[in-house]
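So that the names make sense, note that chain A is the first sequence line, chain B the second, and so on, each numbered from 1.
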Amino acid sequence: MAGGGSLHPRRMNLRSFLHGRIEAAFEAAGVAGAEPMIGVATRPEFGDYQANGAMAAARTARTQPRKLAEGVVEALGDVDFAETLAVAGPGFVNITLSPAFVSAHLANVEIEPTLHPERIVVDYSAPNLAKEMHVGHLRTTIGDAMARILEALGHHVIRQNHVGDWGTQFGMLVAHLEDVQEAAPELKDLEVFYAQARRRFDSDNDFADRARRTVVALQRGDERVRAYWRRFIDISLAHCRSVYEILDITLGDEDLDAESRYNDDLPNVIADLESAGLVTVDDGAKCVFLDELETPLIVQKRDGGYLYATTDLASVRYRSEHYRADRILYFVDSRQSLHFRQLFAVARKAGFARETCKLEHHPFGAILGRDNRPFKTRSGDVVKLADLLDEAVRRARALVTERNPELDSEEADRIARVVGIGAVKYTDVSKHRASDYVFDWDAMLNFDGNTALYLQYAYARIRSLFRRGGIDPRCLTDAPAISNDTERRLGVSLLRFQETLEQAASEALPHYLTGYLHGLAGDFTRFYETCPVLNAPAPVRDHRLKLCALTGETLRKGLGLLGIGTVERM
RNA sequence: GCGCCCGUAGCUCAGUUGGAUAGAGCGUUGGCCUCCGAAGCCAAAGGCCACAGGUUCGAAUCCUGUCGGGCGCGCCA
């Protein structure tokens, strides 16, 4: 029997635990193999969890759902995990966990690693090195959160930053760099540099020709051209590094999987597709037509040049073969959905991805301005991510000093960074990733509701409590006894951390975690409003302190998995 | 034209294999600081879940159609 009610010192997935127990009870009640359908209770008065499986199971077993639900409750008998098991409505089984059970499982907050660790490639961020990172790259946060979550659950995560450092536009940039090298300071603004090169490319035929020859030279490995290209890439990468550092993104140089890396492999990709009989030449271009796809995937241009798709195919193969990935997760803009469907289909057909290697595109939506159009500055330029982050910190700084004028300047700076960056990242990751959202400073830095600040504030209050009491939370080793319903609810909330992480991981939806943390912080503040901690009598005081410590730890860890920091005071 | 995604409170959004009276936050209205941080808590008001059919014990969720929106659709990435 799963779990068996035995006391386990680590985090548990409550949902899985209940699933096992109720499934067994269905069998004991005469319906084997029934799906128990465990979910969090839809209303507080229904308890903590509910099992909705009786209705469906009753049909196949040709019995009455309510009777079956009663049979399940009877089969469970006197269980240690529940205080009450109640049959309600047409056949719901409402489960209220017992204080003793909740208490016993709150001994610590270690995340339970998976029993089936996988090798998971997570592909995210992928800026175009020809330009500066813009507001859209804020969504790097999503992939980064998922990489952290999967890693925390014990998977072997291989981060891959598929930066765009190859192709036509680099011929243009390198040619321009050759000309203006004396004025290289212009490179301080990649955006300006790109615009200058572009203007020349569009208006000057000689330059355009030279740019095209430069691409060919680059791909051929011409040393002089390569040196210029390298110089440009280094400058651009330095810019990315600084943005990642400000944003606290866990991508480093070791995670780079640049397009240029596959340059030499592209002819092999074409040759292998051809020998697999997948290539059709159409209008001079090499295409792969598949029955399941309405449009072909072009893998080589009429002029012999390779495409994004070709590089991606090479990359899939590398990840499958070299990294032996069980799963490859792409956190990429939803506008590329069709591209990925084609890519995956062709990669499968060509045998570039092993049978056991799952390919998954997890799309995200766009960041819009208040006019519901792509977010731009007033002058119509793209918003640079670095500028946006500066502004977030500046606004947070003003807010922090206003609320708390006695903070010294250095601490206020530090808090402003954590709060400002946290607010922006939390906004990005707290919505369903597939939907577009409107970037709105007011909503974001209002710092109310489901925001990072609400969680950071709850955390700071907890830390303040321990400071004030002169207590080290690490000294509280005993599981907290639960003495009232508010405490029990907070306890259950704490126990749900594990199942939340597993759900976020299995669906690649980090907003499950923000929703959970917001609920946890709410349960905590309600507890904190009604239950005195430091002023409570001796045994209760320690138990409540332990609940505070566990909440603080879970908030810190949870925010940490989103790449968001906490502060001791704010 | 075809394909994908979407349409939920005035606004921004949740709604986890179909489950009970559809939930938060903002905003609005009204309460709560001689007590651990009021960046907080409590309460009220606010919904034909775009529309119309269908599937079934049960639909915001699944299917079909209509309307409205976003995005994509062979030599960019």
Rounded to whole angstrom, note down the C1' distance from B:rC13 over to B:rA22.
14 Å
Mind checking the P distance from B:rU12 to B:rG70? Whole angstroms is fine.
15 Å
Could you check whether the side chain of A:Asp283 and the base of B:rC75 have a donor-acceptor pair of N or O atoms closer than 3.5 Å, going by distance alone?
yes
Please produce a list of atom pairs where a protein N or O lies less than 3.5 Å from an N or O of nucleotides 31-34 of chain B.
none

Indicate yes or no: at least one non-hydrogen side-chain atom of A:His518 is less than 4.5 angstrom from one of A:Tyr426.
yes
A:His511 has a side chain; which of B:rC35, B:rA39, B:rG15 sits nearest to it?
B:rG15
With the side chain defined as heavy atoms from C-beta on, A:Asn535 is closest, among B:rC35, B:rC13, B:rU16, to B:rC35
Sub-3.5 Å donor-acceptor pair from the side chain of A:Asp123 to the main-chain atoms of A:Leu329, do we have one?
no
Restricting to salt bridge (Lys or Arg N to Asp or Glu O under 4.0 Å), what partner residues turn up for A:Glu502, sequence neighbours left out?
none
Does the structure show A:Tyr528 stacking with B:rC36, if we require the centres to be closer than 5.5 Å and the planes to be within less than 30 degrees of parallel?
yes
When you compare B:rG15 with B:rA60, how far apart are their P atoms, in angstrom units rounded to a whole number?
16 Å
Partners of A:Glu23 by salt bridge (Lys or Arg N to Asp or Glu O under 4.0 Å), sequence neighbours excluded?
none
I'd like a list of close polar pairs between nucleotides 19-21 of chain B and the protein, N/O only, cut-off under 3.5 Å.
residue, atom, partner, partner atom, Å
B:rA20, N6, A:Gln50, OE1, 3.2
B:rA20, N6, A:Asn94, OD1, 2.4
B:rA20, N6, A:Asn94, ND2, 3.3
B:rA20, N1, A:Asn94, ND2, 3.2
B:rU21, O2', A:Arg43, NH1, 2.8
B:rU21, O2, A:Arg43, NH2, 3.1

Residue-level proximity of residues 459-472 of chain A to RNA chain B when a heavy atom falls under 4.0 Å
A:Ala460, A:Arg461, A:Ser464, A:Leu465, A:Arg468
In chain order, what residues pass the salt bridge (Lys or Arg N to Asp or Glu O under 4.0 Å) check against A:Glu274, with sequence neighbours excluded?
A:Lys286
In whole angstrom, give me the gap between the P atoms of B:rC26 and B:rG40.
8 Å
In whole Å, measure the gap between the C1' atoms of B:rA38 and B:rC42 for me.
13 Å
Judged by nearest nucleotide, the residue sitting upstream toward the 5' end of RNA chain B, A:Trp166 or A:Glu35, is A:Glu35
Show me the protein contacts with nucleotides 45-47 of chain B, counting only N or O atoms at under 3.5 Å.
none

Could you verify whether a donor N or O on one side chain and an acceptor N or O on the other, from A:Arg261 and A:Tyr318, lie under 3.5 Å apart?
yes
State whether the side chain of A:Thr514 and the backbone N or O of A:His511 hold a donor-acceptor pair below 3.5 Å, judged by distance alone.
yes
Between B:rC11 and B:rC51, how far is it from one P atom to the other, in whole Å?
15 Å
Check side chain to side chain contact (heavy atoms under 4.5 Å, CB included) between A:Ala434 and all other residues, then give those that pass, not counting sequence neighbours.
A:His432
Show the atom names and distances, to 0.1 Å, of all donor-acceptor pairs under 3.5 Å that link a side chain in residues 304-311 of chain A to residues at least two apart or in another chain.
residue, atom, partner, partner atom, Å
A:Tyr308, OH, A:Gln336, OE1, 2.7
A:Thr310, OG1, A:Val299, O, 2.6
A:Thr310, OG1, A:Leu307, N, 3.0
A:Thr310, OG1, A:Leu307, O, 3.1
A:Thr311, OG1, A:Leu307, O, 3.4

With the side chain of A:Lys431 defined as its heavy atoms from C-beta on, choose the nearest nucleotide among B:rU12, B:rU16, B:rC75.
B:rU12
Does the side chain of A:Arg302 get closer than 4.0 angstrom to OP1 or OP2 of B:rC75 through an N or O atom?
no
Nucleotide nearest A:Arg341 (side chain, heavy atoms from C-beta), chosen from B:rA38, B:rG3, B:rC76:
B:rG3
A:Thr525, nearest nucleotide to its side chain (from B:rG40, B:rC73, B:rA14)
B:rG40
Identify, with sequence neighbours excluded, every residue that meets salt bridge (Lys or Arg N to Asp or Glu O under 4.0 Å) alongside A:Glu487.
A:Arg544
For the side chain of A:Asp165 and the backbone of A:Ala258, is there at least one donor-acceptor N/O pair under 3.5 Å apart?
no
Defining pairs by Watson-Crick or G-U wobble geometry with both distances under 3.5 Å, how would you list the stems of RNA chain B with at least three pairs each?
B:1-7 with B:67-73, B:10-13 with B:23-26, B:28-32 with B:40-44, B:50-54 with B:62-66
Please report the distance separating the C1' of B:rA50 from the corresponding atom of B:rG7, rounded so that it comes out in whole Å.
6 Å
By ring pair (Phe, Tyr, Trp, His ring centres under 6.0 Å), A:His19 pairs with (sequence neighbours left out) none
Is any side-chain nitrogen or oxygen of A:Ser435 closer than 4.0 Å to OP1 or OP2 of B:rA14?
yes
Report yes or no: do A:Tyr262 and A:Asp312 form a side-chain donor-acceptor pair below 3.5 Å?
no
Anything under 30° is parallel, anything over 60° is perpendicular, the rest tilted; go ahead and classify A:Phe340 against A:Phe344.
tilted
Return the minimal non-hydrogen interatomic distance between A:Ala412 and A:Leu407, and the atom names on each side.
CB-CB, 4.4 Å
Provide the distance between the two P atoms, one in B:rG25 and one in B:rC49, to the nearest whole Å.
22 Å
